[in-house]
Amino acid sequence: MCGIVAYLGQKTAQPILIEGLKRLEYRGYDSAGVALLSNGVIKIKKTSGRIAALEAILDKPQANETLGLGHTRWATHGVPNQINAHPHADYTGKIAVVHNGIIENYSTLKTWLQNEGVTFVSDTDTEVIANLIGYFYEKCDAGERTRKPQGQNRFEWAVQRALQEVHGTYGLGILCADCPDMFIGAKKGSPLILGVSEGEYILASDAAAIIEHTAKALYLSDNEMVIVTADGFHTKTIDNIAVTKSLENIEFSLEQIELGSFKHHMLKEIFEQPKALTTCMGGRIDPQNDRIHLGGVNDYLRAMTHIKRLIITACGTAFHAGLVGEFLFEQMARIITETEYASEFRYRNPIIEDGTTVIAISQSGETADTLAAVEQAKERGATVLGIVNVVGSSIARATDAGVYLHAGPEIGVASTKAFTAQVAVLTMLAIELSRRRLVSSDEATRYIKELAKIPDKISQILKQSEHIRTIAQANINQNNWLFLGRGINYPVALEGALKLKEISYIHAEGLPAAEMKHGPIALIVDGMPAVFIATNGPQYDKIIGNICEVRARKGKTIIVATEGNDHIKPYADYLITVPDAPELLQPMLTVIPLQLMAYHAAVLRGHDVDKPRNLAKSVTVE
Ligand code: M6R
């Protein structure tokens, strides 16, 4: 939810921290700050607002300041103001902390520290960590309860003692004024990576802040800490047990996370979809030999051939992909499938009988609710598979096996290419299961061939971006929109409504088109936009009926239809076309105009598309 960064090396730390924070800004952007170690004193500068606001208050970078921390915040405890911004110093001024996560027992710890005479200045849970570390650092070896093992570094010990008291989640970067060549990172439940290059170390919440410096990285696991000094680094558990870890390669390049000629990451990612899907399906679908290879789950496919039930769990856009998956598994492979919000699944005492497989879908692989749902399903004995984009992320590691999206980094807060890649993976899995379950081998062959054509068809749709912009422009003053679809295009309607809401702040509802007459039709007034997905398929005639109901009440119809369908023209105030495809493969096409519509509407309304208000890219808190 927040972005953290720490640097130790020979270079001036401040510009490196700021550059890193800019790369992490999509994780949170309501306040920001840096801490630098300068001649044995920790200097903190922080402010509400974005990184640009922080830059405006910074002093000139000093060449002797080669160690520091940075933070970009998405507020949980305490409003986004200067005092609550990170880094947080402890009451002695010797410790500084940046934190991503939530400390659940902060209130108990705060009261205990206050009774010990410690004063607090902010409303955050993070300040409790800073003060706890400061407390143990100050009291080290003062009594039996605070006895440190002989030979252990005092700062390192104080961090361990503090973290042993803490319940909750954290990715932490920590400095000590007495340790001029050292920082500590610690992780539980929030991602943390250490980039390692020649004599320099950069710790960050994700690889985007590291890749500019090095492709070699150490991925910390939960309950681990890394102690970084000018002479190297070592890893331990927070209980002081040494851990040996090896460096891994960061899989993406700097180019992939830069805007290039695009104005926004969201637009770049929408246009990247043909390539993202080609990569996602590359080596996995083989139309010549009529085969699908999903290496990551291969060992599980035989068992899955006989499963009784599938549960898909996810949040937001990934949940909508899961709803598409529900149609795919039921229609193609005839497996009973339910899709559940991870935030509900984890608390509903789910019934998981023998023969149930759970699939968790997540772009980031860090969504707290989805991760908790995975743990819950595992505790109940289910096999849990992951469909995840970020390699090595918490959900990827927590699941028994999985399929990576290989869609490339997604920076825009509004998820786009991850959705189509998630649907592509679900489709491949459903086709393979349909064949193994002997549902219909001819159908499987046809789907494999059609799937291979999807990237080119998306490229065709993207050519209509300007046309879609003019439709958005014509309806930009409307504050209520409906998105309507039937069958497998109903989840696409939900996704279209979510996209419009989250970046253009226009109220929108996604509905199964036939449900409209059971209530929502009361909303329709003169000029209200109703976006229909009315592509060729068995329910085409039915949806024409729903379109007529809206037109009869003077709603404006924006229709996504199949290319070459002239019949629909009289029903459409605005028409967008997509190439023909089998009904079950259409969501990867019909979602594209809706993504573009939301993008253009947000730009026309003057919003910051990549950093919509109140949101952050990965939701690592409940
Ligand atoms: O990283 P995840 O796929 O687990 O994220 C799930 C949702 O938080 C995410 O899809 C969110 O709804 C997006 N902002 C939608 O555009």
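Counting starts at 1 for both ligands and their atoms, following the listed order. Positions are given from 1, in the same order as the sequence printed here. Computed over heavy atoms, backbone and side chain alike; hydrogens, waters and symmetry mates excluded.
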Give the atom numbers and elements of ligand 1 that come within less than 4.0 Å of a heavy atom of Ala414. 16 (O)
Member of Phe319, Phe419, Phe327 meeting the side chain to side chain contact (heavy atoms under 4.5 Å, CB included) criterion with Pro491: Phe327
Note: ligand 1 atoms sitting under 4.0 Å from heavy atoms of Lys499 are 15 (C), 16 (O)
Going by atom types only, do Gln586 and Thr535 share a side-chain donor-acceptor pair under 3.5 Å? yes
Please confirm whether Val413 comes within less than 3.5 Å of ligand 1 when only nitrogen or oxygen atoms on both sides are compared. yes
For atom 6 (C) of ligand 1, closest protein heavy-atom neighbour: Cys315 O, 3.3 Å
Decide salt bridge (charged side-chain N to carboxylate O under 4.0 Å, His left out) for Glu410 and Lys417; before the verdict, give the C-alpha distance in whole Å, the side-chain angles of both, and the deciding distance to 0.1 Å. CA-CA 7 Å; Glu410 192 180 69; Lys417 63 178 179 175; over 6 Å; no
Hey, could you give me each pair passing side chain to side chain donor-acceptor pair (under 3.5 Å) that has a residue in residues 418-430? Not counting sequence neighbours. Gln273-Thr420
Please enumerate all residues that pass side-chain hydrogen bond (donor to acceptor under 3.5 Å, both in side chains) together with Arg380, with sequence neighbours excluded. Asn349, Gln376
Please could you name the atoms of ligand 1 that Thr317 approaches to less than 4.0 Å, counting only its heavy atoms? 10 (O), 12 (O), 15 (C), 16 (O)
List ligand 1 atoms under 4.0 Å from Gln363, heavy atoms only on the residue side. 1 (O), 2 (P), 3 (O), 4 (O)
Charged tip of Arg613 within 45° of Tyr505 ring normal and under 6.0 Å: yes
For Ser364, take its heavy atoms, then give the atoms of ligand 1 lying under 4.0 Å from any of them. 1 (O), 2 (P), 4 (O)
Check whether any N or O atom of Ser415, backbone or side chain, sits under 3.5 Å from an N or O atom of ligand 1, and answer yes or no. yes
Ligand-side contact atoms (ligand 1) for residue partner Glu502, heavy atom cut-off under 4.0 Å: 13 (C), 14 (N), 15 (C), 16 (O)
Protein contact of atom 2 (P) of ligand 1 - nearest heavy atom, named by residue and atom, plus distance: Thr367 OG1, 3.2 Å
Decide if the gap between the ring center of His265 and the ring center of Tyr26 is smaller than 6.0 angstrom. no
